[in-house]
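Note that this is a predicted model, so its numbers are computed, not measured. Lettering of chains follows the sequences in order, A, B, ..., and the numbering in each one begins at 1.
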Amino acid sequence: MLDIRLIRENPDYVRERLATRGGDAHLKIDEILECDRQRRELETRLQALNGDRKRLSKEIGGKRAKGEPTGEIEEQVRGIGMEISSLNEQTAQADATQRDLLLQLPNLPHDENPIGKDAADNPEVRQWGQKPSYDFSLADHVTLGAKLGLFDPERASKISGSGFVCFTGQGARLERALINFCLDLHTRQHDYLEVSPPFLIRRDAMVGTGQLPKFEDDMYGLENGEVFLAPTAEVPVTNLHREEILALSELPKRFVAYTPCFRREAGSAGRETRGIIRVHQFDKVELVKLATPETSWDELEKLTANAERVLQMLGLHYRVIELCTGDMGFGSAKTYDIEVWAPGQNAYLEVSSCSNYTDFQARRMNLKFKDAEGKNRFCHTLNGSGTAMPRLFVALVETWQQADGSIQIPEALQPYFGAAEIR
RNA sequence: GGAGAGGUGGCUGAGUGGUCGAAAGCAGCGCUUUGCUAAAGCGCCGUACCUCAAAAGGGUACCGGGGGUUCGAAUCCCCCCCUCUCCGCCA
């Protein structure tokens, strides 16, 4: 959520920044300003009336104590009371309208972000390793998975419908090994605190991180829309300290969490349906940071590096791209995507999206810290996958496949997997 | 699921219709006393919003959330959320 004062004082700047995202958010600014103007006018009038009532009511108290008659004043206050209740309603309405409008507005992209329209305009920041070459004909993960019995999408669809996967045998073990490998890496080497959060999320928390109210169609809702299945651990973990004022000394806070993630993937029907690249439920290890505005940009670089480390240790070639203004997520001010090379797809797959949300989420969830001057300010929140499992799984089996159809397990993963190969 | 208790400022905790944004204590900040530490004394010490060109100042709201009763609500009534205890069920 953007600061209404920023919009009020620098409407042109806000409009211009929002326009770089594409979409029509920048066209809403006039409506918001008008709403804000009305709201403040109502509020000022309401406050004056409240003041009158407060003063006169006290007067009644005083007169009663002295045994003086109060009927006339009471009549007067009754009249004020009726005015107040009508004005109160209007003010609350204006308040709600303004909040609704603000909640629909995406975050401002960072001033130095590359300007662009869509994914085609995302500049590459760096690459690690290189595309492996093979002297045999490559299989993709679907073929490998079927041959080695690693997962079973057909049977998963019998119980859950299309877009679900059931890992089996060595595949299930590999999935579990990857989760544990990532958790251990981030807790032991990168100093994140492991949390295992609930997966059912209340509306407020979903609003806090920005999934609601705008993207309800992408979420799985339960209990008549009271709670939702977590689409990412970002939601429960970032909300951990909502409505709190953190001490400067405890920032930045670093969390890592494994959760399954549930996404309806509405609007992407038919895309990437082969294999396990886009599914409604997948495992992910997520990194979350709560930081100060002074350090958050630096923390984003570190968080991205922490996520990259997963791929490096598994010997997987990847590239990091910076999202242009038109391709960034709703709440993000700056995002790096990490894309791992999947030889069987002949394509890079997004396995992590590392973002600084600045105070966008913190404002929604009222998450603050006390700065060195003792002032309460909004935190900056960050998150990134470290990493998403199914695509990591895909890249791993496709990269490390052998001529004989077996899959070699990278050394760093062997202690977790318990073997050096799958055959 | 049933029965009960409770949610007040950073913390503890008073306050059952009026002058209460809220006693007191603790913590914190400043000053005084002091050789240092300790202690004592004094003062300050919530948040949001509105108003103001800005600062100063002024104002309104907030005692879990929402609604109601009343001239007036932390206090009375209703609904919801959360926490705790006991019972039931259960991995």
Q. Between A:Lys54 (NZ) and B:rU60 (C1'), how many Å, whole number?
A. 7 Å

Q | B:rU85 and B:rC31, which share atom name P, separated by this distance in whole Å | A | 47 Å

Q.
Which nucleotide, if any, forms a Watson-Crick or G-U wobble pair with B:rC90, using both distances under 3.5 Å?
A. none

Q) So which nucleotide from B:rU47, B:rG21, B:rC50 ends up closest to the side chain of A:Glu43? A) B:rC50

Q. When the P atoms of B:rU37 and B:rG43 are considered, how many whole Å apart are they?
A. 23 Å

(Q) Please determine whether the number of non-hydrogen atoms from other residues, nucleotides or ligands lying under 6.0 Å from atom CD of A:Glu89 exceeds 12. (A) no

**Q.** G-U wobble or Watson-Crick pairing nucleotide for B:rC26 (cut-off 3.5 Å, both distances)
**A.** B:rG10

Q.
Does the structure show a Watson-Crick or G-U wobble partner for B:rC76, both distances under 3.5 Å? Name it, or say none.
A. B:rG68

Q.
So, OP1 or OP2 of B:rG18: does either fall under 4.0 Å of a side-chain N or O from A:Lys63?
A. no

Q. Are A:Glu294 and A:His380 close enough that a side-chain donor and a side-chain acceptor fall under 3.5 Å?
A. no

Q: Have a look at A:Arg5 and say if it touches a base, only the backbone sugar-phosphate, or nothing, with a 4.0 Å heavy-atom cut-off.
A: sugar-phosphate

Q) Given atom CG of A:Asp3 and atom C1' of B:rC49, what is their separation to the nearest angstrom? A) 12 Å

Q: Please give the nucleotide sitting opposite B:rA48 as a Watson-Crick or G-U wobble pair, both distances under 3.5 Å, or none.
A: B:rU60

Q) Is there a side-chain contact between A:Ile321 and A:Pro123 (heavy atoms, below 4.5 Å)? A) no

Q. Applying a 3.5 Å limit to both distances, which nucleotide forms a Watson-Crick or G-U wobble pair with B:rU19?
A. none

Q. Expressed as a whole number of Å, how far does the C1' atom of B:rG64 sit from that of B:rA53?
A. 40 Å

**Q.** G-U wobble or Watson-Crick pairing nucleotide for B:rA53 (cut-off 3.5 Å, both distances)
**A.** none

Q: Mind checking A:Arg203 for me? I need base, sugar-phosphate or nothing, with any heavy atom below 4.0 Å counting as a touch.
A: nothing

Q | Euclidean distance for P, B:rU16 against B:rA91 (whole angstrom) | A | 48 Å

Q. A:Arg55 side chain N/O closer than 4.0 Å to the phosphate oxygens (OP1, OP2) of B:rG59?
A. no

Q: Establish, with yes or no, whether the OP1 or OP2 oxygen of B:rU51 is under 4.0 angstrom from a side-chain nitrogen or oxygen of A:Arg40.
A: yes

Q.
Taking B:rC26 as the reference, what is the distance to B:rC45 when you measure between their C1' atoms (whole Å, please)?
A. 13 Å

Q) Where does the angle between the aromatic ring planes of A:Phe393 and A:Phe167 fall among parallel (under 30°), tilted (30 to 60°) and perpendicular (over 60°)? A) tilted

Q) Heavy atoms under 4.0 Å, any strand shown: does A:Arg363 hit a base, just sugar-phosphate, or nothing? A) nothing

Q | A:Lys289 side chain near A:Thr381 side chain, heavy-atom distance below 4.5 Å | A | no

Q: In whole angstrom, give me the gap between the C1' atoms of B:rU34 and B:rC44.
A: 22 Å

Q: For B:rC71 and B:rA48, measure between their C1' atoms and round to the nearest Å.
A: 28 Å

Q | Gap between atoms CG and C1', on A:Asn88 and B:rU70 respectively (whole Å) | A | 16 Å

Q: Quickly work out the A:Ile80 CD1 to B:rG72 C1' distance and round it to whole Å.
A: 12 Å

Q: Give A:Arg53 one of three labels, base, sugar-phosphate or nothing, depending on what nucleic acid heavy atoms sit under 4.0 Å from its own.
A: sugar-phosphate

Q. Do other residues, nucleotides or ligands put more than 12 heavy atoms under 6.0 Å from the CD atom of A:Glu411?
A. no

Q. Checking all strands, does A:Lys368 fall into the base, sugar-phosphate, or nothing category for heavy-atom contacts under 4.0 angstrom?
A. sugar-phosphate

Q.
With a 6.0 Å cut-off on the ring centroids, do A:Phe215 and A:Phe330 count as close?
A. yes

Q) Could you state the CZ-P distance from A:Arg64 to B:rC71, rounded to the nearest angstrom? A) 9 Å

Q | Nucleotide paired to B:rA40 in any strand shown, Watson-Crick or G-U, under 3.5 Å | A | B:rU32

Q: Write down the distance between CZ (A:Arg8) and P (B:rC49), rounded to a whole number of angstrom.
A: 9 Å

Q: Taking only the side-chain nitrogens and oxygens of A:Asn376, find out if one of them lies under 4.0 Å from OP1 or OP2 of B:rU47.
A: yes

**Q.** Under-4.0 Å salt bridge between A:Arg45 and A:Glu83
**A.** no

(Q) Under 4.0 Å, heavy atoms only, any strand: does A:Arg39 hit a base, just the sugar-phosphate, or nothing? (A) sugar-phosphate

Q.
If I pick the P atom on B:rA5 and the same atom on B:rC77, what distance separates them, to the nearest angstrom?
A. 13 Å

Q) At under 4.0 Å between heavy atoms, what does A:Ile73 touch on the DNA or RNA strands: base, sugar-phosphate, or nothing? A) nothing

Q | Length of the line joining A:Arg242:CZ and B:rG64:C1', which is rounded to integer Å | A | 14 Å

Q | Most 5' of A:Thr44 and A:Ser57 on RNA chain B, judged by nearest nucleotide | A | A:Ser57

Q: State the pairing partner of B:rC84; accept Watson-Crick or G-U wobble contacts with both distances under 3.5 Å, and report none otherwise.
A: B:rG4

Q.
Rounded to whole Å, how long is the line connecting atom CG of A:Leu56 with atom P of B:rU70?
A. 18 Å

Q. If you check every side-chain atom of A:Asn50, which of B:rG72, B:rG21, B:rU60 has the closest atom?
A. B:rU60

Q. With nearest nucleotides of RNA chain B determined for A:Arg202 and A:Gly81 from heavy-atom distances, which residue corresponds to the more 5′ nucleotide?
A. A:Gly81

